[in-house]
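Convention: sequence-line order gives letters A, B, ...; per-chain numbering from 1. A quick note: this is a predicted structure, and the numbers were derived from the prediction, not measured.
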Amino acid sequence: MRPQVYISDLSKHVGKSVTLKGWLYHRRSSGKVKFLILRDGTGYLQCVVFKGNVSTEVFENAEKLTQESSFEITGAVKLEPRAVGGYELDAVDVKIISISSEYPITPKEHGIEFLIDHRHLWVRSKKQVAVLKIRHRIVKAIRDFFDMRGFVLFDPPIITPNACEGTSTLFEFDYFDLGKAYLTQSGQLYAEAGALALGKVYTFGPTFRAEKSKTRRHLTEFWMVEPEMAFYDLDDNMDLAEEFLEYIVQTVLTEMRPELEILERDVTKLENIKRPFPRISYDEAVQILLESGIDFEWGNDLGGGDETIISDKFDRPVMVHRYPSQVKAFYMKRDPKNDKLALAVDVLAPEGYGEIIGGSQREDDLDKLLHRIKEHNLPQESFEWYLDLRRYGSVPHSGFGLGLERTVSWICGIEHLREAIPFPRMIYRNTP
RNA sequence: UCCGCGUUAGCUCAAUGGUAGAGCAUGCGGCUGUUAACCGCAGGGCUGUAGGUUCGAGUCCUACACGCGGAGCCA
């Protein structure tokens, strides 16, 4: 077999004869000349098959190729501004690997139901490939960011014996003789144990929510990254969060331009994402809502529409801090200046993409935490290990969680979370 | 759980209560520079399911199923 060259490496092979392998993305024919668009996962290449330049057999092979058939093609690479990608292959040989049956996803438009039913094939489409490559780059940026700052990856369990925060609905199942177990909704409590062992840690993995929620901002299975830092207060936490977001966005802007162009993303919106981000208190957020004519009662959580109104006031992510403690989880530390407030922060993405980060300083006082657990009617025995973290060398500590798919959606400018993960899991769909 | 909208060819959509149509895809033919190519021909339908109104229902009514969007909830 001749060595395979990838489309992304073609600049090194201009003027030379190479062999590429891939699938037929599209074909146009004009009698004695055929234009085959090859895709190989790294890009797209127009291959020209002239009847006069190849044997009858090769020309017939090119004729037989249907959309998504796999094949091998050999020819000389040349610069060609008229072709997609800027290069073109003057084919001398075409070998069929496998002829594709009638491919369901045609070049014309499709409805979302059809596409999601064919997700296993939809991921071959140009925009989906671009989104998934950006997702990959974001994941790498996340790991690089924390690794460069001395964080240690600390993997929490996915099977947990009880509800982490006592709020969300969880997926429940039988766990041998030990009774009910649950799929994790957050690795955060375990991350706190990690932070007290290793100083700075992060978790990164799938999490599960069983809420019967059906909106474009929801998945039942999604990925979350959760840093947790010993000796960080709320301000340190917010400093890290904004540095983190800036790094992710600027990395994608620098390294993923071609993909952002395929997605027709307005990059000027992303170029704004530079520190410092605006920081407003919950009280100030409520003021914005009241001034916008929203009938909002102090003490309620912000809804999706409220978040959009607030984020529309800014051209970069806005950090809303110090929420009423009644709408936040039991483990969040109270504001020493106002016991009704929790030292929490939510980061709202611009352009209506909503909450991408939720975080807080954690309650580090044993007695207060015990009190909170009773207040929330949580089973204390399940949290004894967590309370131990306050019994043995408790320190101020903070952390936050970033929803990966919401971040991918925002950066890619896509409408629905289901396009930000290869195989989305939603309330009425667990296939393919 | 609640509130809207939808379901017609493989796909995307048309069709005043009166013979079910187009584009794409597929097949055959034509074209030596195409960019979702183009031109000609052909095949392709229990109009989501079950009732009802009517001389006559894709169209009007009722129920159900499925889907999409939103609310609540959440990252």
Side-chain angles (χ1 to χ4, degrees), chain A residues 25-37 44 46-54 59 63-64 66-68 80-86 88 90 100-118 121-122 125-126 164-165 167-170 184-188 206-226 241 300-308 327-329 344-349 353-359 400-410 415-418 420-421 426-429:
Chain A
Y25 193 71
H26 195 59
R27 183 181 66 178
R28 285 178 293 272
S29 167
S30 182
K32 297 194 175 71
V33 59
K34 297 189 184 304
F35 299 92
L36 310 177
I37 308 296
Y44 303 85
Q46 175 161 287
C47 305
V48 188
V49 186
F50 276 110
K51 196 168 191 175
N53 293 359
V54 298
F59 195 76
E63 177 73 41
K64 285 179 198 155
T66 54
Q67 191 186 354
E68 286 303 319
E80 174 53 78
R82 285 175 293 185
V84 59
E88 190 173 81
D90 202 0
S100 169
S101 300
E102 194 175 326
Y103 191 66
I105 303 180
T106 64
K108 283 278 179 171
E109 61 206 60
H110 297 278
I112 190 63
E113 184 185 353
F114 181 81
L115 288 171
I116 208 89
D117 278 343
H118 295 83
L121 302 175
W122 190 22
S125 300
K126 207 176 238 177
C164 247
E165 307 182 6
T167 48
S168 307
T169 319
L170 303 191
T184 184
Q185 61 161 228
S186 163
Q188 112 128 63
T207 50
F208 306 87
R209 304 281 165 96
E211 268 107 13
K212 289 198 166 182
S213 182
K214 71 187 239 70
T215 72
R216 69 181 72 185
R217 291 186 302 277
H218 239 91
L219 295 172
T220 53
E221 175 182 329
F222 67 99
W223 282 63
M224 187 154 67
V225 55
E226 296 177 283
N300 290 340
D301 204 355
L302 303 176
D306 304 326
E307 289 177 352
T308 303
V327 299
K328 289 295 181 185
V345 58
D346 282 358
V347 182
L348 309 180
Y353 280 93
E355 183 186 346
I356 50 170
I357 282 182
F400 60 84
L402 171 108
L404 178 63
E405 287 75 17
R406 285 191 183 174
T407 305
V408 172
S409 295
W410 163 48
E415 285 290 306
H416 200 300
L417 246 47
R418 64 190 157 205
I421 186 168
M426 294 169 293
I427 170 170
Y428 293 127
R429 173 179 295 278

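- One can place CZ of A/R216 at 9 Å from C1' of B/G70, the figure rounded to the nearest angstrom.
- Using a cutoff of 4.0 Å between basic side-chain nitrogens and carboxylate oxygens, A/R209 and A/E211 are not scored as salt-bridged.
- Residues A/S100 and A/Q67 are not in side-chain contact: their nearest non-hydrogen atoms beyond the backbone lie 4.5 Å or more apart.
- Residue whose closest nucleotide on RNA chain B sits further toward the 5' end, between A/V84 and A/G52: A/G52.
- A donor and an acceptor atom, one from each side chain of A/E226 and A/Q188, are nowhere located under 3.5 Å apart.
- Across all strands shown, A/R429 has no heavy atoms under 4.0 Å from either base or sugar-phosphate atoms.
- Distance A/F208 CZ to B/A75 P: 15 Å, rounded to the nearest Å.
- Residues A/H218 and A/S29 both approach RNA chain B. Their nearest nucleotides, taken by heavy-atom distance, put A/S29 toward the 5′ side.
- Residue side chain A/R406 reaches the base of B/C74 through a donor-acceptor N/O pair under 3.5 Å, judged by distance alone.
- Taking only side-chain nitrogens and oxygens, A/R28 never comes nearer than 4.0 Å to OP1 or OP2 of B/A36.
- Base pairing annotation: B/A15 forms no Watson-Crick or G-U wobble pair, as no partner gives both donor-acceptor distances under 3.5 Å.
- B/U26 atom C1' lies 16 Å from atom OH of A/Y103, rounded to whole Å.
- Atoms CZ (A/F35) and C1' (B/G33) sit 4 Å apart, rounded to a whole Å.
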